[in-house]
Amino acid sequence: MQINLKQGQLQQEETELLVVNLFEGAGAPGGALKAVDDALSGLVTQLMAAGDIKGKLGATHLLYTNGALPARRVLITGLGKEADFSVSVARKAAAAAAKHARDLGVSAYTTIVHGAGRGGLSATDAAEALVEGSLLGAYRFNSYRRDSGDKDTPAIAEMTILEADAGKLDDLRAGLLIGQAVGDNANWARDLVNEPANYLTPSELARRVREQAERAGLQVAVLGEAEMAELGAGSYLGIAQGSDEEAQFIVLEHQPKGVDLANVPTVVFVGKAITFDTGGISLKPNLNMWKMKDDMGGGAATAGALVTAARLNLPVHAVGLIPAVENMPGGDAIKPGDVVTAMNGKTVEIISTDAEGRQVMADALCYAQRYNPDAVLDIATLTGSIGIALGLELSGLFCDDDILRDRLLRASEFSGEPLWPMPVWKPYRRLIDSDVADMKNTGGRYGGAVIAAMFLREFAGEQPWAHLDIAGTAWQEENSAFSVRGGTGFGMRTLFELLRAYATG
Ligand code: BES
Ligand code: MN
Ligand code: ZN
């Protein structure tokens, strides 16, 4: 979707669809909606008085202008209650409008900016939220739908932001560029998650990530299995050995232009990328196994965040490590009871080959140490247990460093991807004590997400470290007012936001 910015009056705007907004509880139409109401001889006032348009967040109301305005249709998107308004709300209101626009099948539409006036957002934040939300809301995954999908509701080619005040255009454009980079890359991450695992093998993931990353100016290296063997990544390779697909260890590095690397913080992201998780010899049950194509959601979020940081040349040294592996059973596969040695020399007894995520993340976390990082954040669809604990909208945040945890919570508040603090609880370390190795890879039925975090901690190094368990949130089961069922790209926008926080000190 191309995004344009234009100075003008909505009374003169010729378009298939014009998006305006309404706060819930507003007594009478104001601002742009007032101009629409005037042109339509009080129709909006009547609809509001009848209670047909309430301005609830997520609600959209379509009107036909019947020639009273050069715009053919007007769409009113709800902003919710004024007291609850925020960047996240503005993003959602834009997403709901874009989703409705896509369902209508319009090829181009015009929108005003939500929340820069009465909502109290800066013009830059408001434009960023508008563009990002619109891209997220208009998203569909139609790559394999030959007779439906894009044929019914083609992708929207253009969105135009209309602003009456010429003095705001520069700030709006700054926000537009950020919102576009973030929105496009979040949608790219969703594409990667939605991609079937027969297409998106580790090699194909590496190819696609390389393509986008090089275009954005990142340094890219992809290590094969032989190179990882030289590094002693036995934990990672143990999982890789059951698949005919060669594992690919993807390394992305953003070295900002025009700044001395020594003067900026180094942040390393590690994103789990199991392109398909069968469970291996500890085979998963049949029910919903197909969804395990989303087990590379952490890797997708990591790649998206790095590409965005490079596009916007954020003044921060950022590294993304994406261990891409397929977890398969087979004659060569790792077995329960086997022992592997990770890059840091620690040995692990495999109890379940379905706890493969922590095995590949272990070596990737060790690899992160070579950058002497100021912070390491890993993101993984790690445990079904986190979904049991927090449900399907919250991701678990495990972090025992107060500063990093607060930074992440603030980033998450801005991005609208909710995180909930979970314990890094040392007494549970004993639950992964092994009789034959330094640790075992599972620790019983209860507290599975916490135990998994305690396992990762053994490999995370001494610097501040955080772990996001996105097993419940990488995939969305239901369509909502703001987005469609399928891969969410969860974490991509929060990771980017965290980099922004490091970049601004
Ligand atoms: N990829 C799964 C976790 C998962 C579960 C992701 C549900 C998305 C939805 C992970 O590799 C896994 O299988 N974890 C096991 C760990 C157990 C064997 C200790 C689990 O959660 O059951
Ligand atoms: Mn598994
Ligand atoms: Zn997995």
Side-chain angles (χ1 to χ4, degrees), residues 202 223 225 227-229 231-243 245-250 270-284 292 295-299 302 321-330 332-369 376 378-386 398 429 431-434 436-444 448-461 465 467-471:
L223 310 185
E225 292 182 4
E227 288 158 286
M228 292 309 284
L231 296 173
S235 179
Y236 162 86
L237 289 168
I239 301 304
Q241 76 194 31
S243 173
E245 296 290 339
E246 184 170 359
Q248 309 284 326
F249 193 91
I250 307 165
V270 181
K272 172 177 170 182
I274 303 296
T275 56
F276 195 80
D277 181 13
T278 65
I281 296 298
S282 311
L283 194 65
K284 284 186 180 296
M292 281 301 128
D295 213 16
M296 32 58 68
T302 298
L321 304 176
I322 305 169
V325 188
E326 190 182 56
N327 186 25
M328 294 290 281
D332 295 332
I334 196 163
K335 304 171 295 297
D338 288 0
V339 172
V340 295
T341 306
M343 265 171 75
N344 63 354
K346 293 191 182 179
T347 58
V348 180
E349 181 189 11
I350 305 292
I351 300 300
S352 171
T353 67
D354 197 13
E356 84 299 336
R358 63 198 74 181
Q359 297 300 139
V360 308
M361 296 296 276
D363 276 325
L365 285 166
C366 293
Y367 191 97
Q369 289 302 317
V376 173
D378 77 71
I379 174 164
T381 46
L382 204 64
T383 69
S385 160
I386 198 69
F398 299 81
R429 170 61 182 81
L431 298 174
I432 50 172
D433 285 347
S434 162
V436 299
D438 294 334
M439 71 199 89
K440 55 185 182 177
N441 79 338
T442 67
V450 186
I451 293 167
M454 295 316 294
F455 180 94
L456 293 182
R457 198 174 192 280
E458 294 288 321
F459 305 89
W465 160 73
H467 156 59
L468 302 185
D469 194 337
I470 60 165

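Computed from heavy atoms alone, side chains included, the values below leave out hydrogens, waters and symmetry copies.
- Here the closest non-hydrogen pair linking Gly357 and Leu382 is C-CD1, 3.8 Å.
- Side-chain contact check for Asp378 versus Trp465: some heavy-atom pair is nearer than 4.5 Å.
- When the salt bridge (charged side-chain N to carboxylate O under 4.0 Å, His left out) test is applied to Asp438, no partner is found at least two apart in sequence or on another chain.
- With sequence neighbours left out, Thr381 forms a side-chain hydrogen bond (donor to acceptor under 3.5 Å, both in side chains) with Asp295.
- Across Met228 and Tyr236, no two heavy atoms sit closer than the pair CG-CE2, 3.6 Å.
- Between Asp469 and Ala471, the shortest heavy-atom distance links the atoms OD1-N, 3.2 Å.
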#### Entry: Check against side chain to side chain contact (heavy atoms under 4.5 Å, CB included), Phe459 and Gln369
CA-CA 9 Å; Phe459 305 89; Gln369 289 302 317; over 6 Å; no
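- At least one donor-acceptor pair closer than 3.5 Å links the side chain of Asn441 to the backbone N or O of Ser352.
- Closest heavy-atom contact between Phe398 and Ala449: CZ-O, 3.6 Å.
- The distance from atom CD1 of Ile470 to atom CD1 of Ile379, rounded to the nearest 0.5 Å, is 4.0 Å.
- In this structure, Met328 CE and Thr275 OG1 are separated by 9.0 Å, a value rounded to the nearest 0.5 Å.
- Listed by first then second residue, pairs satisfying salt bridge (charged side-chain N to carboxylate O under 4.0 Å, His left out) with a partner in residues 343-352 read Lys346-Glu458, not counting sequence neighbours.
- Here CD1 of Ile281 is found 8.0 Å from NZ of Lys335. Values are rounded to the nearest 0.5 Å.
- Using modelled atom types, no side-chain atom of Thr278 and backbone atom of Leu283 make a donor-acceptor pair closer than 3.5 Å.
- To the nearest 0.5 angstrom, Leu468 atom CG is 13.5 Å from Lys272 atom NZ.
- With hydrogens and angles ignored, the 3.5 Å screen pairs no side-chain donor or acceptor of Gln248 with any backbone N or O of Pro202.
- Contact record, Ala324 with Ile250: CB-CD1, 4.4 Å, taken as the closest heavy-atom pair.
- Test Glu246, Glu356, Glu245 against Glu326 for side chain to side chain contact (heavy atoms under 4.5 Å, CB included) and you get one pass: Glu245.
- Atom CD1 of Ile239 sits about 10.5 Å away from atom CZ of Arg358, to the nearest 0.5 Å.
- The closest donor-acceptor contact from the side chain of Asp338 to the backbone of Ile350 lies at 3.5 Å or more, if one exists at all.
- Minimum heavy-atom separation, Thr383 to Gly448: CG2-O, 3.9 Å.
- Taking the ring pair (Phe, Tyr, Trp, His ring centres under 6.0 Å) definition, one finds that Tyr367 meets it with Phe249, sequence neighbours left out.
- No donor-acceptor pair under 3.5 Å is formed between the side chain of Ser243 and the backbone N or O of Asn327.
- In this structure Ser282 satisfies the side-chain hydrogen bond (donor to acceptor under 3.5 Å, both in side chains) test together with Thr353, sequence neighbours excluded.
- For Lys284, the salt bridge (charged side-chain N to carboxylate O under 4.0 Å, His left out) partners are Asp277, Asp354, not counting sequence neighbours.
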### Task
Begin from the C-alpha positions of Glu225 and Gln241 and carry the test side chain to side chain contact (heavy atoms under 4.5 Å, CB included) through to its verdict.
CA-CA 9 Å; Glu225 292 182 4; Gln241 76 194 31; over 6 Å; no
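- Here the straight-line distance linking atom CE of Met454 with atom CG of Leu431 works out to 9.5 Å at 0.5 Å rounding.
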